[in-house]
Structure formats: C-alpha cells, structure tokens
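A short worksheet on the structure shown next.
Every number for a ligand or one of its atoms is a count from 1 in the order of the listing. Atom set for the values below is all heavy atoms of this structure, side chains included, hydrogens, waters and symmetry mates excluded. Sequence positions, counted from 1, serve as the residue numbers for this chain.
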Amino acid sequence: MNDVLIVGAGPAGRALGAECARQGLRVVLVEEHPDRPWRQTFGAWADELPAGVPVAATASVLRAVTTAEHTITRPYSVVDTGRLRDWLTAPDPVVHRGRAVHAIRGAAGTTVRLACGRELSATLVVDASGHHRAPAGHVPAAQTAYGLKLPQERVAELVRPGEALFMDWTQPAATATDWPTFLYGVPLGDGRVLLEETSLARRPGLPLRELRTRLLSRLHARGVRTDDVEVEKVHFPVEQPAHRSAGVPSFGAAAAMTHPSTGYGLATSLELASSAAAAVARSLSAGPAAAENAFRKVVWPAPAKLVHRLRRRGLEAVLAMPPRDVPRFFDAYFKLPEHHQRAYLSGRTDLLGTLHAMSAMFVRADWPVRLRTVLAALDPRVPGAAA
Ligand SMILES: Cc1cc2nc3c(=O)[nH]c(=O)nc-3n(C[C@H](O)[C@H](O)[C@H](O)COP(=O)(O)OP(=O)(O)OC[C@H]3O[C@@H](n4cnc5c(N)ncnc54)[C@H](O)[C@@H]3O)c2cc1C
C-alpha cells in the first residue's frame, strides 16, 4: 500500500508529491495527460514564491492605470513554467498515466479506480485534479484573458524594460459590451512581453473572441504589429463549487485555493505543499482519518476559511458593480496603504488584516460602490470555502 496517492500532476499535485517524497513517504501520482506541456504564464509576487522556484523574469516596478496612474514597488515574477515542472519533479515520484474515475474509502485507506480498470490504493488519497466542472445549472464566475507574446521592442511604450503592467483600465475602442477589461503585461525573460486583455471575473466568463477583438483594437491603434506571434488563452473559474468527498481531501485549484478576487493560486499551492506533506508524515501512523484531518487543517485552517468568505464577498461586490465604477473602485484600492493592499492580496490566513483592508477600502470608496459592497456582504447565497 502506498502512503499517499495524488490525483492530478499539475503544479499543485507535483509540488505536494515532491514534498511527500522529501518526507520519506511512498507517494504515487495519477495523471491523465502526463506528457502534456504546461503552457500557462504564471505570474506571482516575488515574495510569495518559495525559495528556489525557477523564475523567467522579475519586474521591480509595476504600473497600474485606473482613473490615475499608480506605481507598485512590490517585485513581481514570471515563473519559468518549463523549469518549474522539472523542479517539482525532484525527488522523482512515480506518475501513473490514467484517469481516476472513482474512490472508495476503506478502513485502512482509499482505493482509486482508473478508467482503464486498474486500481491503486493508499492510506491517504488527495484530489489535485484542478478546477472542477460546475454542477449543471450553476454558472461560475470565471477569469478569462486573451494574450499575445510580442517582441519587447514592439511594445516598449506599453511595458517599459524592467517593469510590468499590472492593469491598465483604459478601455479600447472596439467593445461589444460595456463590461470593463484591462490590459496586463509582463516580461517573459526571452526578449518578449506577454500582453493580455483580461476580464478579472464575470459570470459567465467574457468570451475569448471579445477579448481578442479588444486586444487587437488596442494594439493596432498604437501601430503595434501582431502577426507571427504566440497566443495565450486563459479561462478558469474563480469560484469553485464546494467539492466535498468523504476521505479524499483536495489541494490546489481543486481545493478552491485560487484567490476568488484575483485568480492567483500557484504560490499558495507551492508554499503550502511542504507543511501539508509534513502534517501527513506526522499523522499517517495514526491511520487514514488522522492523516486526512491533519491535511485538511493545514490546507484550510479556520482563519483561511473566514478570509475566503470575505474574499468571495469582495468578488461579489466587483461582479455587481456597474462597469463605469470599476476603474474608480481599483483607484481606491491602489490608494490604500501598502500593508492593506498586501493583506487583501496575500494574507490568506490574515483575518484581521483582510478585515482592515476591506474596511479601509469601504471608507475610501464612493457611495454607489459602498452600497454595492454592503449588498454583496449581506447576500446569503455567497458560500464559504470548499475545504
Ligand atoms: C491559463 C491559466 C493561467 C493562469 N495564470 C495564473 C497566474 O499567473 N498566477 C497564478 O497564481 N495562477 C494562475 N492560474 C490559476 C492556477 O494557479 C492554475 O490553474 C494552476 O494550474 C492550478 O494548478 P493545479 O495543479 O491545482 O491544477 P491544474 O494545473 O489544472 O492540474 C490538474 C491536473 O490534474 C489532471 N487531472 C484532472 N482530472 C484528472 C483525473 N480524473 N485523473 C487524473 N488526472 C486528472 C489534469 O490533467 C491536470 O494535469 C492560471 C490558470 C490558467 C488556466
């Protein structure tokens, strides 16, 4: 019997697998597409990434354009996705090719059945299979973006060397709806810059073709050539329907560890992998239930659940906002003292910091924004964390 079986060998599953192996646990991963390359361009605050994570580029200054221009001096990194995969693969855990279709909890552990009929067992099974499909009838809010990887010199006016563009809410000329989107731009470390037209969250996600039209309109208006360049498409839910499976805790996007208001989730998975693996190693000898409890406590401690609820309400407030108010809302956000900004973006277990940041934001916002925030806060339909 294996100690730990992880379903899904994406960044979260691999990070957890590598840390479990470092703890001396016998770990196996089950992955449907083990040879599929990772193509996402992962961005993260440099101070959130664990030491040693391979980085392609770091911008020391970020610009944000709302109704005014703001400068953010918190370094921001773009992860070297190709090297990340190798980095997470050492020490090499066993990866089984296959699709997990069913898990059966027994007294000594859990057995996972693969689509091919094979069965694998472990004392603890963890679901790291990524964002889950929403149940029928539920349309989750999604972040969508359409990006182009352009030579730096073509777009130096938009993303200056050494800098990144966190968000530019100036609206492009061509828009089929008044839903506001922003331009995001990061250096890729290979002489190119990724420019993405981004819809932070919308229910349902803003279609990619609309984002493409907007991005091309923006770039062509500035005379930027867009032929012969690589495309990046982003579409993922920022609200994860509660996924609860007795005996099978989840991790990464499957565990709703993505920040509901921003879509960031990679750094959290990488950072939590070592403490989650250590908790499992300490408790495994006491049996499957003890290991599961220890794991869940590390991944979703009580303060993180409460912070998640607050962030969900922040998401609802943005979703309910009239389009014209959105840039003003972010203007108020970037005027917050840095510690408030940081608490809201990064303080996953910082309940007090998140509350202070949200109340500071409330005080700075104008009355229509305040009213929407209150209505979102009182909405009983906003669920909690999917631990
Ligand atoms: C295009 C894109 C860009 C993103 N950019 C950022 C960013 O810049 N910064 C950030 O912090 N976050 C970002 N995110 C959000 C989040 O960090 C990523 O979605 C991240 O990949 C989540 O990692 P994960 O390992 O939890 O899930 P995934 O990466 O989705 O990995 C899940 C794995 O499980 C496998 N799997 C699924 N079901 C089964 C099954 N039944 N059996 C076996 N295997 C299975 C899948 O094949 C996949 O390999 C982005 C997401 C996307 C989609």
Side-chain angles (χ1 to χ4, degrees), residues 5-18 28-46 48-50 53 55-57 76-81 84-85 88-89 95-103 112-116 118 120 125-133 142-147 149 164 166 184-186 188 194 196 198-201 205 208 211 231-240 243 245 248 250-273 276 299 345-346 348 386:
L5 184 152
I6 300 165
V7 177
R14 277 187 189 262
L16 184 63
V28 292
L29 288 97
V30 174
E31 169 58 52
E32 200 176 355
H33 307 288
D35 307 321
R36 190 163 64 187
W38 295 351
R39 298 204 188 282
Q40 307 94 313
T41 300
F42 289 120
W45 299 105
E48 285 191 339
L49 290 171
V53 171
V55 161
Y76 187 80
S77 292
V78 173
V79 172
D80 184 332
T81 311
L84 174 71
R85 192 186 171 114
L88 293 175
T89 306
V95 180
H96 287 279
R97 182 189 298 270
R99 184 163 60 91
V101 288
H102 195 50
V112 171
R113 184 169 303 142
L114 309 189
C116 63
R118 187 171 176 190
L120 295 164
V125 170
V126 177
D127 174 3
S129 63
H131 297 285
H132 284 234
R133 200 178 288 266
Q143 181 169 122
T144 52
Y146 183 90
K149 297 179 179 178
F166 194 50
Y184 166 84
V186 286
L188 296 173
L194 170 69
E196 261 178 8
T198 307
S199 167
L200 194 57
L208 292 180
L211 290 159
V231 172
E232 174 151 331
K233 296 175 184 173
V234 178
H235 189 301
F236 63 88
V238 287
E239 53 177 352
Q240 177 85 40
H243 174 248
S245 173
V248 182
S250 42
F251 193 65
M257 283 161 60
T258 312
H259 191 311
S261 308
T262 65
Y264 289 110
L266 178 77
T268 307
S269 299
L270 299 185
E271 196 230 318
L272 276 183
V299 176
L345 288 180
S346 306
R348 185 170 184 264

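- At least one donor-acceptor pair closer than 3.5 Å links the side chain of R14 to the backbone N or O of A9.
- Around ligand 1 you find V7, G8, G10, P11, A12, V30, E31, E32, H33, R36, Q40, T41, F42, G43, G98, R99, A100, A128, S129, G130, H131, K233, V234, F236, G252, A253, G263, Y264, G265, L266, each with a heavy-atom distance below 4.0 Å.
- The distance from atom OG of S77 to atom CH2 of W45, rounded to the nearest 0.5 Å, is 10.5 Å.
- Between E232 and K149 a salt bridge is recorded (basic side-chain N to carboxylate O distance below 4.0 Å).
- Residues meeting the salt bridge (charged side-chain N to carboxylate O under 4.0 Å, His left out) test with R118, sequence neighbours left out: none.
- Checked against the 6.0 Å centroid threshold, H259 and Y264 do not count as a close aromatic pair.
- Judged by distance alone, with hydrogens and angles left aside, the side-chain atoms of E31 form no donor-acceptor pair with the main-chain N or O of V7 at under 3.5 Å.
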